[in-house]
Protein chains: 4
Amino acid sequence: MTDTFHSSQPIYTQLAERIKRQILRGELKPGDKLPSVREMGIQVSVNPNTVQRTYRELEGMGIVETRRGQGTFVTEEQEVLQQMREELKQEEISQFVKGMHEMGYSDQEIEVGLQAFLLSGKGTNNND
Amino acid sequence: MTDTFHSSQPIYTQLAERIKRQILRGELKPGDKLPSVREMGIQVSVNPNTVQRTYRELEGMGIVETRRGQGTFVTEEQEVLQQMREELKQEEISQFVKGMHEMGYSDQEIEVGLQAFLLSGKGTNNND
Amino acid sequence: MTDTFHSSQPIYTQLAERIKRQILRGELKPGDKLPSVREMGIQVSVNPNTVQRTYRELEGMGIVETRRGQGTFVTEEQEVLQQMREELKQEEISQFVKGMHEMGYSDQEIEVGLQAFLLSGKGTNNND
Amino acid sequence: MTDTFHSSQPIYTQLAERIKRQILRGELKPGDKLPSVREMGIQVSVNPNTVQRTYRELEGMGIVETRRGQGTFVTEEQEVLQQMREELKQEEISQFVKGMHEMGYSDQEIEVGLQAFLLSGKGTNNND
DNA sequence: GTGGTCTAGACCACA
DNA sequence: GTGGTCTAGACCACT
């Protein structure tokens, strides 16, 4: 995770997405402390101000909570996390479809292709 | 397009994928000349030898043709390009599903989510 | 086997041919391990990268299989080896005829000469 | 032609063969002067004594003639050259067949393969 | 100019 | 150890 950022989205948005994914992946659990803005700035080689902005955004969504003098923590409110999970799913799907469209695949190709792939069992994660 | 390469895949593979996508997107059309190995090497800031390996790989798949002293060109054989299109679709879907699984989404969530998204018309590309 | 390479063909091609011949001669049997790229590089006094390209080429033809950290092995797939045998026969014949033409022998001289030679029994390998 | 010698045959034999081929190819014509033993020794990077021996052998076969103080010349006697042509044909065929046998090809495979090749017209030298 | 080959040398991943 | 990748730099062949 020492990469830099690539897409045309603002960096703070990308960083927020990345943190959301880490939460979903379980790399960050409810109640966990996020790295300090300075620390995170170094880790992802980004200006601490940008990290600050990211944390503010996430706080606005209720995903993290800032406690003065202690740091920033992943919320323990399941409801919020659940909602985030749903929203991120939408975003991922949206991005995926957009990318496929750009490469000229039709909605039908995408849907049929996905179904075929899932049925073929190449994914093997039928539940979680 | 001055980025560098990121995943753990070899550069020549990533570059090949990128070129395939450019063909699908229509940024490179059948018969078009690709940048020379040296030129492309500068563009993506890798060694010309690495670019050449990419071109050789693509040539092996029949996607490009090289003409000594002239350059490397996108094939005009529709059949080959068609096959590439299918293969790339599979790859994209596979990567997408893999990523979703990593974030804890089940096959069903993915499929239902996709269908809902497509039906909602947010994609608006029903054909191409 | 300490010779170097001579014709105007690229070294990696000549080395591949040499290995194919060794397989046909039975000096290398299906399942046998080839010398490591470095070892072979020393044996034939070429750069290990050149040897690797040879191995990669042979792997592309299905003639050898490489196992990371273990080495490169002659395939055990008889079908592939059989096909290789046929192709190499064509190549040998082609080269022979080409050489004879260069020395001014006509097709007829070649064919009649060969038949006479085989009938005379000087070869004594009517079967194998 | 700056190569060295490779097979297990004595060098003077190989050199003699090479010169015979040059005559057949027309690179050396009847009456032409061969390089001096010293000169030839340098050209093929071989000891002049070895060249001397080669010339002696060729002279024994009547293929070249040595004229004191002038040098060594290709004979102008067509009969001798004709005979050499026949003998060389035999040798070439013999070597070819021997090589094919070593790789496990049967007489029949060789003959059928040759006929097929000549008929396919890939050689295109039906006369000379 | 173009692609093609080869080398020397470095570093990585797998076992 | 093994193969795999990548670089830098050289030289060749084609046009």
Side-chain angles (χ1 to χ4, degrees), chain A residues 1-3, chain B residues 2-19 23 28 31-76, chain C residues 2-19 22-23 28 31-76, chain D residues 1-4:
Chain A
M1 296 289 166
T2 13
D3 329 39
Chain B
T2 10
D3 328 42
T4 9
F5 293 89
H6 317 293
S7 95
S8 52
Q9 285 268 73
I11 292 177
Y12 75 86
T13 301
Q14 295 182 55
L15 181 52
E17 293 291 304
R18 183 185 294 194
I19 292 169
I23 295 172
L28 283 172
D32 276 6
K33 184 180 175 305
L34 279 78
S36 81
V37 288
R38 300 177 231 271
E39 172 60 21
M40 176 69 94
I42 294 167
Q43 279 182 28
V44 301
S45 48
V46 299
N47 190 291
N49 284 326
T50 305
V51 177
Q52 225 209 5
R53 173 137 190 208
T54 301
Y55 285 8
R56 204 193 313 143
E57 218 76 7
L58 289 171
E59 187 169 31
M61 306 184 222
I63 294 170
V64 304
E65 295 166 4
T66 70
R67 302 176 203 144
R68 283 290 280 264
Q70 298 193 55
T72 304
F73 301 81
V74 178
T75 186
E76 310 210 33
Chain C
T2 11
D3 329 41
T4 10
F5 294 90
H6 316 294
S7 95
S8 52
Q9 285 269 76
I11 293 177
Y12 75 84
T13 302
Q14 294 181 56
L15 181 52
E17 294 290 304
R18 183 184 293 194
I19 292 169
Q22 288 181 329
I23 295 172
L28 282 172
D32 276 5
K33 184 180 176 305
L34 280 77
S36 81
V37 287
R38 301 178 231 270
E39 173 60 20
M40 176 67 94
I42 294 165
Q43 279 182 27
V44 301
S45 47
V46 298
N47 189 291
N49 284 325
T50 305
V51 178
Q52 225 209 4
R53 172 138 190 207
T54 301
Y55 285 8
R56 204 193 313 144
E57 218 77 6
L58 289 171
E59 187 170 32
M61 307 185 223
I63 293 169
V64 304
E65 294 165 6
T66 70
R67 302 176 205 144
R68 282 289 280 263
Q70 297 193 57
T72 304
F73 301 81
V74 178
T75 186
E76 311 211 33
Chain D
M1 295 291 164
T2 11
D3 328 41
T4 10

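Below, read A as the first sequence line, B as the second, and so on, with proteins coming before strands; counting in each chain starts at 1.
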Where does DNA chain F form stems of at least three consecutive Watson-Crick or G-U wobble pairs, each pair having both distances below 3.5 Å? E:1-14 with F:1-14
Rounded to the Å, how far apart are C/Phe73 CZ and F/dG3 C1'? 11 Å
Output the rounded distance in Å from CD (C/Glu65) to P (F/dG4). 13 Å
Hey, does the side chain of B/Tyr12 come within less than 4.0 Å of F/dT5's phosphate (OP1/OP2), counting only N and O? yes
Separation of E/dG4 C1' from B/Leu58 CG (nearest whole Å): 16 Å
Out of E/dC6, F/dG4, E/dG3, which has the shortest distance to the side chain of C/Ile11? E/dC6
Side chain to side chain contact (heavy atoms under 4.5 Å, CB included), that's the test. Do B/Tyr55 and B/Leu34 meet it? Break it down for me. CA-CA 9 Å; B/Tyr55 285 8; B/Leu34 279 78; 3.6 Å; yes
Starting at the 5' end of DNA chain F, which residue's closest nucleotide do you reach first, B/Pro10 or C/Val37? C/Val37
Tell me whether the side-chain N/O atoms of C/Ser36 come closer than 4.0 Å to OP1 or OP2 in F/dT2. yes
Taking 4.0 Å as the cut-off, does a side-chain nitrogen or oxygen of C/Thr66 come that near to OP1 or OP2 on F/dG4? yes
Each nucleotide in nucleotides 9-15 of chain F should get exactly one letter: B, S or -. Can you fill that in based on protein heavy atoms under 4.0 Å? B---BBS
Between CZ of B/Arg56 and P of E/dT2 the distance, given in whole Å, is 18 Å
Which pairs, with at least one residue in residues 45-59 of chain B and sequence neighbours excluded, count as a salt bridge (charged side-chain N to carboxylate O under 4.0 Å, His left out)? B/Arg53-B/Glu57
Grab the two heavy atoms, one from C/Leu15 and one from C/Phe5, that are nearest each other, plus how far apart they are. N-CE2, 3.9 Å
Under 4.0 Å between a side-chain N or O of C/Tyr55 and OP1 or OP2 of F/dG3? no
Separation of atom CZ in B/Arg67 from atom C1' in E/dG4, rounded to whole Å: 17 Å
Picking from C/Thr54, C/Val46, C/Thr72, C/Ile19, what satisfies side chain to side chain contact (heavy atoms under 4.5 Å, CB included) with C/Met40? C/Ile19
Starting at atom CD of C/Gln52, determine the distance to atom P of F/dG1, rounded to an integer number of angstrom. 18 Å
Less than 4.0 angstrom between a side-chain N/O of C/Thr50 and OP1 or OP2 of E/dC6, yes or no? no
Return yes if some donor-acceptor pair links the side-chain N/O of B/Gln14 with the main-chain N/O of B/Gln9 below 3.5 Å, else return no. yes
Between C/Lys33 and C/Gly71, what is the shortest heavy-atom contact and its length? CE-CA, 4.2 Å
Whole angstrom value for the distance that separates C1' of E/dC12 from CD of B/Gln9: 15 Å
Specify the closest pair of heavy atoms between B/Thr75 and B/Glu65, including all atoms of both residues, with the distance to one decimal. OG1-OE2, 3.2 Å
Over all heavy atoms of both residues, which pair between B/Ala16 and B/Leu58 is shortest? Give the atoms and the distance, please. CB-CD2, 4.0 Å
Provide, to the nearest angstrom, the distance between the CD atom belonging to C/Glu59 and the P atom belonging to F/dG4. 6 Å
Using a cut-off of strictly less than 4.0 Å, decide whether C/Arg53 has a side-chain nitrogen or oxygen near OP1 or OP2 of E/dT5. yes
